[in-house]
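From a predicted model like this one, the values you see are computed outputs, not experimental measurements. Because only heavy atoms are used, hydrogens play no part in the values below, and waters and symmetry mates are left out as well, while side chains stay in. Numbers here are sequence positions counted from 1.
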Amino acid sequence: MSARNNPLPPPTRSATTPYKKGDETHDRILNAALAAFGNSGFARVTTRQIAEEAGINLPALNYYFGNKEGLYLACAHEILARYRESMAAVGEAAAASLEGPPDPDGARAQLKLLLTALARFLLTSASEQNRLFVQRELADPGRAFEVLYAGLWRPGIELVAQLIIAASSARLTTAQARVRAVMMIAGLTGFQSGAPIISRTMGKAASLTMVIEALEAQVDALAR
């Protein structure tokens, strides 16, 4: 599920002095912005509010991100970066498996690994700030939505759909496979959104185990 051809490049604080990974001030601003934009939306948030939440002054925020729009887009690119850090290896292995001769059993195995990794990321690793930001963009799409669509959702759906086609021995059309891919991924995001209720009623570890078992059953059904 690697990203490619993003329509909006990630902003940097300048062409000659980009921030260093792990820059504490930069990261603090981003985390405050992810929460603010996720809770209130782009239009209702001011850079002054974010600066106050981050415990820095407004010139420091502008130094790193230029303006409100730059900070907003940087939030989307930060989500992509966190996602790739967790999912790049399994996504690349799954994509590589499609390059050889058709292998339905291998495709089902790779699909299980991919969906399991995605379930673990969404249900145990993804931050609350990330979740809120993504949900806001889904409900009220802005320019960050296009970044997330081009770098995350579109390539993710396409990869899962291609694995589904291979796993079903090409019995499914591309359109049918895409529908199933969206349903599988959307189901996981639904569990992520309802995490507080699910954890309280089922227990976090139990719910993750059951989600993975259900996903594997869906993948196994492709062989029938």
Side-chain angles (χ1 to χ4, degrees), residues 1-88 91 117-118 120-157 185-186 188-196:
M1 293 192 195
S2 59
R4 67 181 82 176
N5 299 325
N6 283 352
L8 300 166
T12 56
R13 74 187 190 190
S14 82
T16 57
T17 57
Y19 77 92
K20 295 180 180 179
K21 185 174 177 62
D23 185 313
E24 193 269 339
T25 300
H26 173 276
D27 294 345
R28 197 162 71 242
I29 296 169
L30 264 183
N31 287 330
L34 281 163
F37 289 133
N39 280 310
S40 302
F42 178 80
R44 295 184 179 181
V45 175
T46 67
T47 51
R48 188 173 299 279
Q49 291 171 338
I50 294 172
E52 290 175 357
E53 284 294 322
I56 52 96
N57 57 37
L58 192 56
L61 185 150
N62 293 333
Y63 171 70
Y64 280 95
F65 299 101
N67 53 31
K68 179 179 171 181
E69 180 84 358
L71 177 55
Y72 165 65
L73 294 178
C75 286
H77 285 287
E78 178 65 13
I79 289 173
L80 292 184
R82 293 176 183 181
Y83 172 82
R84 291 181 201 134
E85 187 174 359
S86 294
M87 295 292 297
L118 182 59
R120 291 187 185 282
F121 174 73
L122 291 176
L123 301 183
T124 66
S125 301
S127 70
E128 179 69 5
Q129 295 100 320
N130 286 16
R131 183 182 67 80
L132 289 172
F133 188 92
V134 169
Q135 286 186 332
R136 177 68 63 172
E137 287 304 308
L138 288 171
D140 184 19
R143 291 185 71 197
F145 176 92
E146 298 303 325
V147 175
L148 294 171
Y149 176 76
L152 178 58
W153 297 321
R154 183 181 65 194
I157 290 169
I185 295 170
L188 287 174
T189 58
F191 265 85
Q192 183 190 29
S193 300

Asks: Do R143 and V147 make a side-chain contact, defined as non-hydrogen atoms from C-beta onward lying under 4.5 Å apart?
Replies: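 A side-chain contact under 4.5 Å is absent here.
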Asks: Minimum heavy-atom separation for I29 and L71, please, with both atom names.
Replies: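 Looking at all heavy atoms of both residues, the shortest contact is CG2-CD1, 3.9 Å.
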Asks: Just so I know, are the side chains of L30 and Y64 near enough to count as touching, which here means a heavy-atom distance under 4.5 Å?
Replies: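 L30 does not reach Y64 side chain to side chain.
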Asks: Check this for me, if you would: do E52 and R48 make a salt bridge, where the nitrogen-to-carboxylate-oxygen distance has to be below 4.0 angstrom?
Replies: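 Looking at E52 and R48, the cut-off is not met.
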Asks: Nearest 0.5 Å, what's the CG-CD distance between L61 and E53?
Replies: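 Result: 12.5 Å between the selected atoms.
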Asks: Do L138 and F145 come within less than 4.5 Å of each other through their side chains, counting heavy atoms only?
Replies: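 A side-chain contact exists here, since the closest heavy-atom pair is under 4.5 Å.
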Asks: Kindly indicate whether the side chain of Y83, heavy atoms from C-beta on, has any atom under 4.5 Å from the side chain of L118.
Replies: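 Of all side-chain heavy-atom pairs linking L118 with Y83, at least one is under 4.5 Å.
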Asks: Of all the heavy-atom pairs spanning I56 and R28, show the shortest one and how long it is.
Replies: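 So the minimum-distance heavy-atom pair works out to CG2-NH2, 3.1 Å.
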Asks: R82: which residues meet the side-chain contact (heavy atoms from CB on, under 4.5 Å) condition with it, sequence neighbours left out?
Replies: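 By the side-chain contact (heavy atoms from CB on, under 4.5 Å) rule, R82 matches N31, L34, E78, S127, N130.
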Asks: Go through the steps to decide whether E69 and F42 satisfy the test side chain to side chain contact (heavy atoms under 4.5 Å, CB included), and finish with yes or no.
Replies: CA-CA 9 Å; E69 180 84 358; F42 178 80; 3.5 Å; yes
Asks: If you look at every heavy atom in A144 and L73, which pair is closest and at what distance?
Replies: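 Nearest heavy atoms, A144 then L73: N-CD2, 4.0 Å.
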Asks: For the CD atom of E146 and the CH2 atom of W153, what is their distance to the nearest 0.5 Å?
Replies: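 Rounded to the nearest 0.5 Å, the CD-CH2 separation comes to 9.5 Å.
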Asks: Does some side-chain heavy atom of F37 sit less than 4.5 Å from a side-chain heavy atom of I50?
Replies: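 The answer is yes; the side chains approach within 4.5 Å.
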Asks: Going from CG on N39 to CD on Q135, what distance comes out if it is rounded to the nearest 0.5 angstrom?
Replies: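 N39 atom CG to Q135 atom CD measures 10.5 Å (nearest 0.5 Å).
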Asks: Grab the two heavy atoms, one from A35 and one from Q129, that are nearest each other, plus how far apart they are.
Replies: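 Minimum heavy-atom separation between A35 and Q129: CB-CG, 3.8 Å.
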Asks: Between A43 and K68, which heavy-atom pair has the shortest distance, and what is it?
Replies: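 Scanning both residues, the minimum pair turns out to be O-NZ, 3.8 Å.
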Asks: Return the CG to CZ distance between L80 and R84, rounded to the nearest 0.5 Å.
Replies: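 Interatomic distance, L80 CG to R84 CZ, rounded to 0.5 Å: 4.5 Å.
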Asks: Passes side chain to side chain contact (heavy atoms under 4.5 Å, CB included), T189 versus L122? Steps please.
Replies: CA-CA 7 Å; T189 58; L122 291 176; 4.2 Å; yes
Asks: Looking at every non-hydrogen atom in both residues, tell me the closest pair between F133 and C75 and how far apart they are.
Replies: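 Answer, listing the atom of F133 first, then C75: CE1-CB, 3.6 Å.
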